[in-house]
Enquirer: 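Can you read through this structure? Questions will come right after.
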2 protein chains.
Amino acid sequence: MDIKQYIKNHGRIVQLDAGAHLFRQGELEDALYWVNQGLFKAYYLQPDGKELVKSFIAEQNMITNLSAVVGRQACTFSLVALEPAELAKVRFDTLFEHTLNDLELSRFMLDALIQLAQKKERREYEFLCLDATTRYLQLKAERPDLLRRVTQNDIARYLGITPVALSRIKHASR
Amino acid sequence: MDIKQYIKNHGRIVQLDAGAHLFRQGELEDALYWVNQGLFKAYYLQPDGKELVKSFIAEQNMITNLSAVVGRQACTFSLVALEPAELAKVRFDTLFEHTLNDLELSRFMLDALIQLAQKKERREYEFLCLDATTRYLQLKAERPDLLRRVTQNDIARYLGITPVALSRIKHASR
DNA sequence: TTCACGTTTTAACTTAGGTTAATTTCAGCC
DNA sequence: GGCTGAAATTAACCTAAGTTAAAACGTGAA
């Protein structure tokens, strides 16, 4: 069974309005979600109230808060719907148990985790090796849809700079 | 069978002098390694000759170049021994095949990948949310051994700053 | 249409970190 | 003990990005 199939069989449908939170930093969470529809923003809230964007998650992707779900700790980030959304929700533990008896499912989990690790490695590379201007131009080239669906403020906080700085970069690179 | 056991059974021992490369950016690579002894530096070489440190890998850890090994692409980074080292080497493909028939092995792969993803997520957080001084102080608190085994130049390039900047930070935070 | 409010831009000033180069420190070696 | 070369520090100057605040722009509701 593949993951999408598994979630279809075992999952509960969740509907969210734009602006609604799926979970918040500090809460406990044990679920893994599959996004059927909508766009989400994962973000860290700093003690001083500043917000930094960890990632954007669109349709046909998984969402989970790894440390919360694996380590049974408080969520390290918050997750908010930027558009009206529909997801399927399953308990991570139950899914993980099923991988114990189902080699195919286990394989799909492996694939998903490899993909996740590669994505994170990519982002690590960008922060370590590229300057803000290059990160912006790359994002613009590779996810032009995002720039349309998301405010420039959020794009800036995803790139690790302030909205003011992003506005300047856009101006300079025109 | 767990991964260490698997590698012990199927792996080939590799010895390296300090300064020797395990693989280089741009080469093809199909192996996964287990570090028995030594310390490694994974680094990106920029077109302008600048070097940025992706990670340090010490004893009792796995090493692999995910994109190279999974996507059959050129290595995205180089891997060099900072100390005389001994590793066990297995083909990634073969291991991955074995996970198809061995649930326990599959589980151990899952655990390893979850850990990897969590590590990467952690580093992403540090680049996104913390300034260089905080990143340095945190590294110093959490991996004091590293600061002893690695030159300050390499620590700086791991933190994403120049050696000059790190020296300044040390001076200021004393 | 207009108002209100959030988003984006612009400007002026500050700060962290980069760059280059000179100097000091230190470890290994003769 | 003195020499060598790498590593680390220091200094002077430069640039990217942060901060604060004001102005301009857009969009949706009344």
Enquirer: Looking at residues 148-162 of chain B, who's got a heavy atom less than 4.0 Å off DNA chain C?
Expert: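 Under 4.0 Å from DNA chain C: Gly160(B), Ile161(B), Thr162(B).
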
Enquirer: Do you know the tightest heavy-atom contact between Gly49(A) and Leu45(A)?
Expert: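 Gly49(A) and Leu45(A) have their closest heavy atoms at O-CD1, 3.9 Å.
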
Enquirer: Taking the side chain of His171(B) as heavy atoms from C-beta outward, which of dG17(C), dT10(D), dA17(D) is closest to it?
Expert: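 Shortest atom-to-atom distance from the side chain points to dT10(D).
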
Enquirer: Please work out which of the three classes, parallel, tilted or perpendicular, describes the rings of Phe127(A) and Phe127(B), given edges at 30° and 60°.
Expert: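 Parallel: the ring planes of Phe127(B) and Phe127(A) meet at under 30°.
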
Enquirer: If we ignore angles and hydrogens, is there a donor and acceptor under 3.5 Å between the side chains of Gln46(A) and Glu51(A)?
Expert: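 Not at all, the side chains of Gln46(A) and Glu51(A) share no donor-acceptor pair under 3.5 Å.
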
Enquirer: Between the two ends of the helix from dT1(C)-dA30(D) to dC30(C)-dG1(D), what is the bend in degrees, rounded to 10 degrees, where each end axis spans five pairs?
Expert: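 Inter-axis angle at the ends, rounded: 30°.
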
Enquirer: My understanding is that only residues two or more places apart in sequence, or in another chain, count here; which of them pass salt bridge (Lys or Arg N to Asp or Glu O under 4.0 Å) with Lys89(A)?
Expert: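 Partners of Lys89(A) under the salt bridge (Lys or Arg N to Asp or Glu O under 4.0 Å) test: none.
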
Enquirer: Go through the structure and list residues passing salt bridge (Lys or Arg N to Asp or Glu O under 4.0 Å) with Glu86(A), not counting sequence neighbours.
Expert: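 Checked Glu86(A) against salt bridge (Lys or Arg N to Asp or Glu O under 4.0 Å); zero matches.
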
Enquirer: Determine, for Tyr44(B) and Arg157(B), whether the Lys NZ or Arg CZ falls below 6.0 Å from the six-membered ring centre while staying within 45 degrees of the axis.
Expert: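 No, Arg157(B) does not sit over the ring of Tyr44(B).
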
Enquirer: Going by the rule ring pair (Phe, Tyr, Trp, His ring centres under 6.0 Å), which residues pair with His21(B) if we only count those two or more places apart in sequence or in a different chain?
Expert: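 Testing His21(B) for ring pair (Phe, Tyr, Trp, His ring centres under 6.0 Å), a comparison that skips the adjacent residues, returns Tyr43(B).
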
Enquirer: How many whole angstroms separate atom CD of Gln46(A) from atom P of dT19(D)?
Expert: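 Atom CD in Gln46(A) sits about 12 Å away from atom P in dT19(D).
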
Enquirer: Where the side chain of Ala132(A) is defined as all heavy atoms beyond and including C-beta, which of dT9(D), dA17(D), dG18(C) is the nearest nucleotide?
Expert: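 My answer, after comparing the listed nucleotides, is dA17(D).
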
Enquirer: Leu52(A) CG to dG18(D) P: how many Å, rounded?
Expert: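 For the pair Leu52(A) CG and dG18(D) P, the rounded distance is 10 Å.
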
Enquirer: Between Phe23(B) and Phe77(B), is the ring centre distance below 6.0 Å?
Expert: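 They qualify: ring centres under 6.0 Å apart.
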
Enquirer: Using atom CG of Asp131(B) as one end and atom C1' of dT15(C) as the other, report the distance to the nearest whole Å.
Expert: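 Result: 12 Å.
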
Enquirer: Within this structure, what is the CG-to-P distance between Leu82(B) and dA6(D), rounded to whole angstrom?
Expert: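 Taking atom P of dA6(D) as the reference, CG of Leu82(B) is at 17 Å.
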
Enquirer: Leu130(A) CG to dA16(D) P: how many Å, rounded?
Expert: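 My rounded result for the distance is 16 Å.
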
Enquirer: Starting at atom CG of Asp48(B), determine the distance to atom P of dT20(C), rounded to an integer number of angstrom.
Expert: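 So the CG-P distance, Asp48(B) to dT20(C), works out to 11 Å.
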
Enquirer: How many whole angstroms separate atom CZ of Arg168(A) from atom P of dA11(C)?
Expert: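 These atoms are roughly 12 Å apart.
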
Enquirer: Could you tell me how far apart Leu166(B) (CG) and dA7(D) (C1') are, to the nearest whole angstrom?
Expert: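 After rounding, the gap between these two atoms is 12 Å.
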
Enquirer: Does Lys170(B) have a side-chain nitrogen or oxygen under 4.0 Å from the phosphate oxygens OP1 or OP2 of dA7(D)?
Expert: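 Looking at the OP1 and OP2 atoms of dA7(D), neither is under 4.0 Å from any side-chain N or O of Lys170(B).
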
Enquirer: Could you list the cluster mates of Leu28(B)? Members are the ILVMFWY residues connected by side-chain heavy atoms closer than 4.5 Å, either directly or through other members.
Expert: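 Joined to Leu28(B), directly or through intermediates: none.
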
Enquirer: Can you identify which nucleotide, out of dG17(C), dT20(C), dG18(D), has its nearest atom closest to the Val164(B) side chain?
Expert: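 Given the options dG17(C), dT20(C), dG18(D), the side chain of Val164(B) is closest to dT20(C).
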
